[in-house]
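Only one structure is covered here, and it is reproduced in the block below.
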Amino acid sequence: MSLPSGHYRILDYREFHDLPRLMWVADEASRQWLLDCPFDDVLDDYAAEYRVHTVGTDVEDAVEPWEEHAQGLLPMVGTVPVAALQFDATHRASFLLT
């Protein structure tokens, strides 16, 4: 399973370099995901794709996923190219994945 197409709301993010590089998002069905685009020391640049992790389903009762992610507790379910995300004008509020 990878990240489904659709509109995503960015709930929060932790790293930003031109784009959010670690972000907690919710899709249109309120499913939560964590997208992680780590810095690649060999390339001396950020990776070309986000690693996609599942977080949960209830945005209203959501608990920030940063600690679970840092401990490797969030299941990785796939990847998505950074170029596939069409961010809003601020690059901080939402994106569309087609």
Side-chain angles (χ1 to χ4, degrees):
M1 175 202 228
S2 191
L3 199 62
S5 298
H7 184 262
Y8 289 79
R9 182 170 42 114
I10 299 173
L11 303 173
D12 201 0
Y13 61 90
R14 286 290 185 255
E15 296 179 26
F16 192 96
H17 184 270
D18 299 326
L19 303 167
R21 298 299 176 164
L22 176 61
M23 61 182 158
W24 175 28
V25 304
D27 65 18
E28 296 165 316
S30 295
R31 291 176 296 200
Q32 297 174 56
W33 311 85
L34 188 127
L35 279 64
D36 180 13
C37 181
F39 189 82
D40 186 326
D41 290 326
V42 173
L43 296 175
D44 196 30
D45 201 357
Y46 284 90
E49 56 190 20
Y50 286 99
R51 297 180 297 197
V52 179
H53 305 267
T54 58
V55 176
T57 57
D58 191 354
V59 173
E60 296 302 318
D61 294 326
V63 176
E64 291 185 348
W66 312 122
E67 187 63 32
E68 287 181 359
H69 176 64
Q71 295 176 12
L73 300 175
L74 297 178
M76 185 174 145
V77 294
T79 61
V80 62
V82 172
L85 278 62
Q86 301 169 17
F87 285 91
D88 70 297
T90 68
H91 294 173
R92 290 170 169 83
S94 65
F95 62 84
L96 179 66
L97 176 63
T98 55

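Keep in mind that the numbers below use all heavy atoms, side chains included, and drop hydrogens, waters and symmetry copies. Count residues from 1 along the sequence.
- Nearest heavy-atom pair, Ser94 versus Ile10, reported as atom, atom and distance to 0.1 Å: N-CD1, 3.8 Å.
- Checked against ring pair (Phe, Tyr, Trp, His ring centres under 6.0 Å), His91 has the following partners two or more places apart in sequence or in another chain: Phe87.
- Here the shortest heavy-atom pairing between Leu34 and Pro65 reads CD1-CG, 3.6 Å.
- Applying the salt bridge (charged side-chain N to carboxylate O under 4.0 Å, His left out) test to residues at least two apart or on different chains, the pairs with a partner in residues 14-30 are Asp12-Arg14, Arg14-Glu64, Asp27-Arg31.
- Remark: Gln71 engages Glu67, Leu73 in a side-chain contact (heavy atoms from CB on, under 4.5 Å) (not counting sequence neighbours).
- For the side-chain contact (heavy atoms from CB on, under 4.5 Å) test, residues two or more places apart in sequence or in another chain that qualify with Thr90 are Asp88, Arg92, Ala93.
- Leu97 and Tyr13 fall within a single hydrophobic cluster, where Ile, Leu, Val, Met, Phe, Trp and Tyr are joined by side-chain heavy atoms under 4.5 Å apart, directly or via other members.
- One finds the CG atom of Leu85 at 6.0 Å from the OH atom of Tyr50 (value rounded to the nearest 0.5 Å).
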Extract all donor-acceptor atom pairs below 3.5 Å that involve side chains of residues 35-42 and protein atoms in other chains or at least two apart in sequence.
{"from": "Asp36", "atom 1": "OD2", "to": "Arg51", "atom 2": "NH2", "distance (Å)": "2.4"}
{"from": "Asp36", "atom 1": "OD2", "to": "His69", "atom 2": "NE2", "distance (Å)": "3.1"}
{"from": "Asp40", "atom 1": "OD1", "to": "Val42", "atom 2": "N", "distance (Å)": "2.9"}
{"from": "Asp40", "atom 1": "OD1", "to": "Leu43", "atom 2": "N", "distance (Å)": "3.2"}

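- With sequence neighbours excluded, no residue forms a side-chain contact (heavy atoms from CB on, under 4.5 Å) with Ala48.
- Closest approach of His7 and Leu96 over heavy atoms only: N-CD1, 3.9 Å.
- Once rounded to the nearest 0.5 Å, the distance linking CZ of Arg9 with CE of Met23 reads 14.0 Å.
- Grouping the Ile, Leu, Val, Met, Phe, Trp and Tyr side chains by contacts below 4.5 angstrom, directly or via other members, places Val82 apart from Tyr46.
- Between Leu3 and Tyr8 there is a side-chain heavy-atom pair separated by less than 4.5 Å.
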